[in-house]
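See below for the structure under consideration.
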Amino acid sequence: GTVGAGSNCMNIYTVGKTTRAVCKYLNKIDGKSIAISYDSRNMSKEFAELVACICAKNNITAYLVKDMMPTPYLSFLVRFYHTDMGIMITASHNPKEYNGYKVYGEDGCQLLDEPSLEIMKIANELNLFDQETEDFSKALETGKIIYTDEEALETYKAEVREQCRTE
């Protein structure tokens with residue numbers, strides 16, 4: 001949706017509520033980790049850091065990119081770090097005033113209907129304004145938030161190159 005105020009827009013409250021629902025779902029299935037990435041959209045980095053802080057507060061290790069990356073990289077990160085889920089902050093091809101929140105399963109693919117519906121059910125039971133976050137710097141220090149490393153990026157690039165035609 002558009003980035004702005006209101007319960008029908010992308011903002012810290014709607015991103016927070018959705019993330020709290022994802023965390024409750026992950027805790028329910030004994031999930032321990034999540035990969036998080038973002039693109040160049042307005043507020044993407046801030047939303048991604050908020051997601052990481054909420055995950056940290058809910059005892060879910062967050063593997064967070066330091067810089068914006070394309071959506072396929074998030075799918076790769078889920079598989080590279082063997083996380084239980086992934087979240088990509090992006091609005092893909094939509095106009096610049098939009099942003100979005102995409103959830104991926106442990107296979108690196110967008111989440112299937114059953115877990116998506118369960119997360120939506122959990123979200124509908126949450127208060128929009130209840131924000132529970134870990135301090136970003138503290139979460140980095142304690143290892144609750146871990147920046148993805150150069151090895152992940154180089155492995156991704158090598159796998160992309162391997163897929164390219166040389167003819």
Side-chain angles (χ1 to χ4, degrees), residues 1 3 9-92 99-111 115-116 118-120 122-123 126-159:
V3 175
C9 294
M10 285 285 291
N11 56 60
I12 61 169
Y13 299 106
T14 55
V15 169
K17 181 179 175 179
T18 304
T19 304
R20 286 184 288 122
V22 166
C23 290
K24 286 182 181 297
Y25 176 80
L26 279 172
N27 285 326
K28 182 178 172 181
I29 64 165
D30 204 28
K32 303 287 186 218
S33 61
I34 194 163
I36 305 164
S37 188
Y38 61 93
D39 66 8
S40 63
R41 295 288 180 144
N42 186 27
M43 295 292 293
S44 285
K45 181 176 183 177
E46 292 84 355
F47 291 152
E49 289 178 353
L50 174 63
V51 168
C53 289
I54 292 170
C55 289
K57 183 69 173 179
N58 285 276
N59 297 313
I60 297 164
T61 302
Y63 291 90
L64 176 65
V65 297
K66 279 188 178 180
D67 298 305
M68 63 181 119
M69 289 290 175
T71 300
Y73 188 60
L74 183 274
S75 178
F76 169 82
L77 287 176
V78 169
R79 291 174 281 121
F80 184 83
Y81 287 110
H82 305 285
T83 64
D84 300 294
M85 267 187 185
I87 294 174
M88 180 70 194
I89 305 296
T90 180
S92 301
N99 210 331
Y101 187 108
K102 295 181 179 180
V103 182
Y104 290 73
E106 66 184 344
D107 59 358
C109 297
Q110 286 193 16
L111 209 56
S116 294
E118 179 67 23
I119 291 168
M120 284 176 39
I122 294 168
L126 298 175
N127 183 306
L128 183 64
F129 301 108
D130 289 343
Q131 295 288 350
E132 301 170 2
T133 65
E134 187 77 38
D135 176 74
F136 188 81
S137 297
K138 180 181 173 187
L140 277 172
E141 284 177 23
T142 60
K144 290 182 177 181
I145 297 175
I146 301 168
Y147 279 125
T148 59
D149 59 20
E150 194 65 26
E151 179 188 359
L153 183 57
E154 291 307 314
T155 303
Y156 172 73
K157 288 178 184 178
E159 288 190 16

What residue pairs, at least two apart or across chains, pass salt bridge (Lys or Arg N to Asp or Glu O under 4.0 Å) with a residue in residues 126-136? E134-K138, E134-K144

Would you list the pairs meeting salt bridge (Lys or Arg N to Asp or Glu O under 4.0 Å) in which at least one residue belongs to residues 24-33, sequence neighbours left out? K28-E118, D30-K32

Listed partners of Y101 passing ring-ring contact (aromatic ring centres under 6.0 Å, His included), at least two apart: none

Side chains of [X] and [Y] in contact at under 4.5 Å (non-hydrogen atoms):
| X | Y | answer |
| --- | --- | --- |
| F80 | E151 | yes |
| I145 | E49 | no |
| N99 | V15 | no |
| I34 | V22 | yes |
| T148 | Y156 | no |
| K157 | E154 | yes |

Could you walk me through whether M10 and N42 pass side-chain contact (heavy atoms from CB on, under 4.5 Å), step by step? CA-CA 10 Å; M10 285 285 291; N42 186 27; over 6 Å; no

What pairs with C109 under side-chain contact (heavy atoms from CB on, under 4.5 Å), at least two apart in sequence or on another chain? D107

Contacts of L128 that satisfy side-chain contact (heavy atoms from CB on, under 4.5 Å) - sequence neighbours left out: S7, Y13, T14, K17

Atom [atom1] of [X] and atom [atom2] of [Y]: how far apart are they, to the nearest 0.5 Å?
| X | Y | atom1 | atom2 | result |
| --- | --- | --- | --- | --- |
| S37 | I87 | OG | CD1 | 11.5 Å |
| L26 | I119 | CG | CD1 | 7.0 Å |
| I12 | M43 | CD1 | CE | 7.5 Å |
| L126 | R20 | CG | CZ | 5.0 Å |

For S92, which residues count as a side-chain hydrogen bond (donor to acceptor under 3.5 Å, both in side chains) partner, sequence neighbours excluded? K102

Residue set satisfying side-chain hydrogen bond (donor to acceptor under 3.5 Å, both in side chains) with D39, at least two apart, ordered chain then number -> S44, T90

Restricting to non-hydrogen atoms, name the atom on M88 and the atom on Y38 that form the minimum distance, rounded to 0.1 Å. CE-C, 3.6 Å

Mind listing the closest non-hydrogen atom pair of I36 and A62 along with its distance? CD1-CB, 3.7 Å

Please indicate whether Q131 has more than 12 foreign heavy atoms, meaning atoms of other residues, nucleotides or ligands, lying under 6.0 Å from its CD. yes

Residue pairs, two or more places apart or on separate chains, that pass ring-ring contact (aromatic ring centres under 6.0 Å, His included) and touch residues 46-65: Y63-Y81

Is the backbone of G100 close enough, under 3.5 Å, to the side chain of R41 for a donor and an acceptor to pair up by distance? no

Counterpart residues, salt bridge (Lys or Arg N to Asp or Glu O under 4.0 Å), relative to E150 (two or more places apart): none

Identify all side-chain donor-acceptor contacts of residues 65-77 below 3.5 Å with residues at least two apart in sequence or on another chain.
from, atom 1, to, atom 2, distance (Å)
Y73, OH, L153, N, 3.3
S75, OG, R79, NH2, 3.3
S75, OG, G108, O, 2.5

Can you give me every donor-acceptor pair (side chain of residues 50-58, partner residue at least two apart or in another chain, under 3.5 Å) with its distance?
from, atom 1, to, atom 2, distance (Å)
N58, ND2, I54, O, 2.8

